[in-house]
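Data first, discussion second: the structure below is written as C-alpha cells.
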Amino acid sequence: MNCIFCRIIRGEIPSTKVYEDDLTFAFEDIEPQAKVHTLVVPKEHIENLNDMKDQSLWFAMLKAAQEVAKRKGIEKSGYRAVINCGPDGTQIVPHLHLHVLGGELLDSQMG
Ligand code: 5GP
Ligand code: ZN
C-alpha cells in the first residue's frame, strides 16, 4: 500500500506524533495552515468520509480530536475540526483525515 498516510502510520515516513490509540493516529501537518494544525487519521485505510461506516471508529476519531486539542493547549481558546471530502472538498490525500486547526483566530469564512 503506497498511501502516504498509511506509510506515516507505519513509521516509514517520519512525522511528529501528537496522539495515538488503537484506532487512530494524530500528527502535525507538514504545511500548517494555522499556528496549530494537526491531522487525525484512522489507522485503517479509509479513502474518504463517504467510506466511514463504523460507529466506533467515528467516535474514536472525534475523541482523538478532543485529545489533540487538549494536548496542543487549544481546548479553551477554541479550534476548528474539518474533513475535506472529494474534489470539490479539496481533498488531496485519499486517506480520511480530520484537520484540527487553531492556536489563533481563524478566518470566519468556511468556503
Ligand atoms: P487535504 O487537502 O487532503 O484535506 O489535506 C491533506 C493535508 O495533508 C495537507 O494539509 C498537507 O499539508 C498534509 N500532508 C500532505 N503530505 C504530508 C506528509 O507527508 N506529512 C504530513 N505531516 N502532512 C502531509
Ligand atoms: Zn492509507
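Both ligands and their constituent atoms are indexed starting at 1 by order of listing. Because only heavy atoms are used, hydrogens play no part in the values below, and waters and symmetry mates are left out as well, while side chains stay in.
- Shown in contact with Phe27 at under 4.0 Å from a heavy atom are these atoms of ligand 1, numbered in order with element: 21 (C), 22 (N).
- Protein heavy atom closest to atom 14 (N) of ligand 1, with residue, atom name and distance, is Ile30 CG2, 3.9 Å.
- Hydrophobic clustering (side-chain heavy atoms under 4.5 Å, transitive across Ile, Leu, Val, Met, Phe, Trp, Tyr) keeps Ile46 apart from Val93.
- Residue-level proximity to ligand 1 for Thr90 is carried by the backbone, the only part with a heavy atom below 4.0 angstrom.
- There is a path of hydrophobic side-chain contacts, each under 4.5 Å, that joins Leu106 to Val82.
- Below 30°, between 30° and 60°, or above 60°: for His99 and His37 the angle between ring planes is between 30° and 60°, a tilted geometry.
- Protein heavy atom in closest approach to atom 16 (N) of ligand 1: Ile4 CD1, 4.0 Å.
- Distance check, rounded to the nearest 0.5 Å: CG of Leu57 to NZ of Lys43 gives 11.5 Å.
- An N or O contact shorter than 3.5 Å is missing between Ile8 and ligand 1 by distance.
- Linking Ile, Leu, Val, Met, Phe, Trp and Tyr whenever their side-chain heavy atoms come within less than 4.5 Å leaves Leu98 and Leu39 in two separate clusters.
- In the candidate list Ile92, Asp29, Ile83, Asp29 is nearest to atom 10 (O) of ligand 1, counting heavy atoms.
- Taking atom 15 (C) of ligand 1 as the reference point, the nearest protein heavy-atom neighbour is Val93 CG2, 4.1 Å.
- Residue-level proximity to ligand 1 for Ile13 is absent, since no heavy atom of it falls below 4.0 angstrom.
- Below 3.5 Å of separation, one finds no N or O of Leu39 facing any N or O of ligand 1.
- In plain terms, the two heavy atoms of Pro42 and His95 that are nearest each other are O-NE2, 2.8 Å.
- For CG of Asp88, the number of neighbouring non-hydrogen atoms (other residues, nucleotides, ligands) closer than 6.0 Å is 12 at most.
- Near Glu31, meaning under 4.0 Å from one of its heavy atoms, ligand 1 places the atoms 12 (O).
- Regarding atom 22 (N) of ligand 1, its nearest protein heavy-atom neighbour is Glu28 O, 2.9 Å.
- Summary of contacts: the protein heavy atom closest to atom 8 (O) of ligand 1 is Phe5 CZ, 3.5 Å.
- The atom of His45 that is an N, O or S and sits closest to the Zn ion (ligand 2) is ND1.
- Of the inter-residue distances, the one linking Gln33 atom CD with Leu101 atom CG reads 7.5 Å to the nearest 0.5 angstrom.
- Counting heavy atoms under 4.0 Å from ligand 1, residue Asn84 touches it through the side chain alone.
- The angle that Cys6 SG and His95 ND1 make at the Zn ion (ligand 2), rounded to 10°, works out to 110°.
- Minimum interatomic distance between Ala26 and Thr38 (heavy atoms only, all atoms of both residues): CB-CG2, 4.2 Å.
- Proximity of Gln33 to ligand 1, defined as any heavy-atom pair under 4.0 Å, is not found for any part of the residue.
- Heavy-atom proximity to Gln91, at under 4.0 Å, picks out these atoms of ligand 1: 3 (O).
- Annotation: the span from Asn84 atom CG to His97 atom NE2 amounts to 6.0 Å, rounded to 0.5 Å.
- Across Ile74 and Gly102, no two heavy atoms sit closer than the pair CD1-CA, 4.2 Å.
- Here's the thing with His97: one of its N/O atoms is less than 3.5 angstrom from an N/O atom of ligand 1.
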